[in-house]
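Chain letters run A, B, ... following the sequence lines, proteins first and then strands; every chain starts at 1.
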Number of protein chains: 2
Amino acid sequence: MDEAAALLSGAWTPHVLWYLSKQPRRFGELRKDIPGISARTLSARLRELLEKGVVTCTPLATSPPSAEYALTEIGHKIVPALTALVDAALKLRLGQAPAASRRSGQ
Amino acid sequence: MDEAAALLSGAWTPHVLWYLSKQPRRFGELRKDIPGISARTLSARLRELLEKGVVTCTPLATSPPSAEYALTEIGHKIVPALTALVDAALKLRLGQAPAASRRSGQ
DNA sequence: CAGTATCCGCGCGGATACTG
DNA sequence: CAGTATCCGCGCGGATACTG
């Protein structure tokens, strides 16, 4: 369970994996995909995911150098977890108002 | 996706949900289930999950007062995500050594 | 037992500036 | 474009002490 939680550690990790699950993306593309993430953080998360064997990095020999990131086979195994999470979030949003009548001050 | 990630925010949240998914548990039981978590943090996470409508709290009228926490219907919807995550973690552990031969200095 | 209050440290992540 | 280095702030979480 610790290892499982570690897969999504970092506030932006789920976002990074989410966009990579749709298609391989370059660094700059991910920055645009994920408004608010800084280059520093994106770089840090990607390196973590590289270390874990969840994503691959393919430097492209284009004249403006670029690099393409993609999920590995193992990385794709995390996608169902993300999908289930998003699904739960949607259900939660629907169930929220009508059901509990929680008077959360905030 | 932000809301989805928020469901597991906090280092201990996945653990709390994981143990509650198995059976309803009292505060002290969760503390023992999750070695290393402090009362403060467990309390904070449980209150967050209460606010989100993911868990319920049932005070028990036992002579040493106790309270039982359980997943709500919505809370149970998060369980598949946890399962998928653990599953991916297991796959990752197996795939790690034989595959990549990453020479991570660290 | 079930929490809450206070204090505090550390790590995550932003901003900025810079390199290849 | 694709990063990395430095600096810094904030929030999460631990330790401790305390209440009902």
Sequence-distant partners of B:Asp2, salt bridge (charged side-chain N to carboxylate O under 4.0 Å, His left out), two or more places apart:
none
A:Arg26: salt bridge (charged side-chain N to carboxylate O under 4.0 Å, His left out) partners, not counting sequence neighbours
A:Glu29
Pairs under 3.5 angstrom only: tabulate donor-acceptor contacts from the side chains of residues 76-88 of chain B to other protein residues two or more places apart or in another chain.
residue: B:Thr83; atom: OG1; partner: B:Val79; partner atom: O; Å: 3.0
residue: B:Asp87; atom: OD2; partner: B:Lys91; partner atom: NZ; Å: 2.8

Distance test, side-chain N/O of B:Ser66 to OP1/OP2 of C:dC1, below 4.0 Å
no
At less than 4.0 Å, is any side-chain N or O atom of A:Tyr69 found next to OP1 or OP2 of D:dC1? Yes or no.
no
OG1 of B:Thr13 to CD of B:Glu48: how many Å apart, nearest 0.5 Å?
6.0 Å
With a 4.0 Å heavy-atom cut-off, tell me which residues in residues 21-31 of chain B come close to DNA chain C, sorted by residue number.
B:Arg26, B:Phe27, B:Gly28
Residues 53-61 of chain B side chain polar contacts: donor-acceptor under 3.5 Å, at least two apart:
residue: B:Thr56; atom: OG1; partner: B:Ala70; partner atom: O; Å: 3.4

Can you sort out the partners of [X] under side-chain hydrogen bond (donor to acceptor under 3.5 Å, both in side chains), two or more places apart, ordered by chain and number?
X: A:Ser21; value: none
X: B:Thr72; value: none
X: B:Ser43; value: B:Arg47

Any side-chain heavy atom of B:Phe27 sitting closer than 4.5 Å to one from B:Leu46?
yes
Atom-to-atom span, [atom1] of [X] to [atom2] of [N] - whole angstrom:
X: A:Arg47; N: D:dA2; atom1: CZ; atom2: P; value: 15 Å
X: A:Leu60; N: D:dG3; atom1: CG; atom2: P; value: 10 Å
X: A:Ile34; N: D:dA2; atom1: CD1; atom2: P; value: 14 Å
X: B:Leu46; N: C:dA2; atom1: CG; atom2: C1'; value: 11 Å
X: B:Asp33; N: C:dC1; atom1: CG; atom2: C1'; value: 15 Å

Per the ring pair (Phe, Tyr, Trp, His ring centres under 6.0 Å) rule, what does the pair list look like for residues 5-24 of chain A, sequence neighbours excluded?
A:Trp12-A:His15
Consecutive Watson-Crick or G-U pairs in runs of at least 3, all under 3.5 Å, in which DNA chain C is involved:
C:1-20 with D:1-20
For nucleotides 13-20 of chain D, give me one character per nucleotide, 5' to 3': B if any protein heavy atom sits under 4.0 Å from the base, S if the only such contacts are to the sugar-phosphate, - if neither.
BBB----B
Restricting to side-chain contact (heavy atoms from CB on, under 4.5 Å), what partner residues turn up for B:Arg40, sequence neighbours left out?
B:Ser38
